[in-house]
Amino acid sequence: MKGEAIFAVIAILFVASFFYGMAANPDSEFGGADGQAEDVIAEITDGEYEEWTGDSWVNSVKFEPPGGETESLLFALQAAIGALVLGYFFGYYKGKGQSE
């Protein structure tokens, strides 16, 4: 029971911090590290950066999602799969501890 109360408090604090961040920055744009890295590289090289892969086979198999929604969907899918894996291992070890 004590662990569940601690988990509930942590979950409430996490959700509260999320909504506080949303309320404190209403015009914020959610971007990833890739976009920030592209901006820094463009600033450092004055926009003259060329991909090191050039015209190699890497670019021929490179996947570009058709739109932002698809990119968000893939990111959410990745997060869901990660949550499932973590939940499985936490559940497995909790069940293992209770059976002993």
Side-chain angles (χ1 to χ4, degrees):
M1 181 67 185
K2 184 179 177 183
E4 294 168 351
I6 292 172
F7 178 76
V9 169
I10 291 172
I12 289 170
L13 288 174
F14 177 76
V15 171
S17 69
F18 174 76
F19 283 112
Y20 174 76
M22 293 284 289
N25 303 309
D27 296 329
S28 65
E29 184 174 318
F30 294 99
D34 294 344
Q36 291 178 353
E38 284 180 21
D39 293 342
V40 170
I41 290 170
E43 183 180 316
I44 291 172
T45 62
D46 293 328
E48 297 178 7
Y49 173 74
E50 293 182 24
E51 292 184 17
W52 64 272
T53 55
D55 294 329
S56 67
W57 64 272
V58 174
N59 283 338
S60 64
V61 295
K62 191 175 178 182
F63 174 71
E64 287 285 335
E69 292 84 12
T70 305
E71 195 171 316
S72 297
L73 172 71
L74 292 174
F75 185 75
L77 183 64
Q78 178 185 5
I81 291 170
L84 283 172
V85 170
L86 285 175
Y88 174 79
F89 282 108
F90 281 120
Y92 175 78
Y93 284 112
K94 183 175 181 177
K96 185 178 179 181
Q98 288 177 348
S99 67
E100 293 177 355

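Residues take their numbers from the sequence shown, with the count starting at 1.
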### Query
So with a 6.0 Å cut-off around CZ of Phe75, is the heavy-atom count from everything else above 12?
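For Phe75, atom CZ is not crowded (no more than 12 foreign heavy atoms under 6.0 Å).
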Which pairs would a plain distance check flag for residues 82-98, meaning a side-chain donor or acceptor within less than 3.5 Å of a matching protein atom at least two apart in sequence or in another chain?
none

### Task
Working to the nearest 0.5 Å, report the span between CD1 of Ile41 and CG of Asp46.
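Taking CD1 in Ile41 and CG in Asp46, the distance rounds to 13.5 Å.
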### Query
How many angstroms lie between CD1 in Ile81 and CG in Leu77, if you round to the nearest 0.5 Å?
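One gets 4.0 Å once the value is rounded to the nearest 0.5 Å.
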### Query
Got a sec, which residues hit side chain to side chain contact (heavy atoms under 4.5 Å, CB included) with Ser99, two or more places apart in sequence or on another chain?
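If we apply the side chain to side chain contact (heavy atoms under 4.5 Å, CB included) test to Ser99, skipping adjacent residues, there are no hits.
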Show me the donor-acceptor pairs, under 3.5 Å and distance only, between side chains in residues 7-21 and residues at least two apart or in other chains.
unit_1, atom_1, unit_2, atom_2, d
Ser17, OG, Leu13, O, 3.3
Ser17, OG, Phe14, O, 2.8

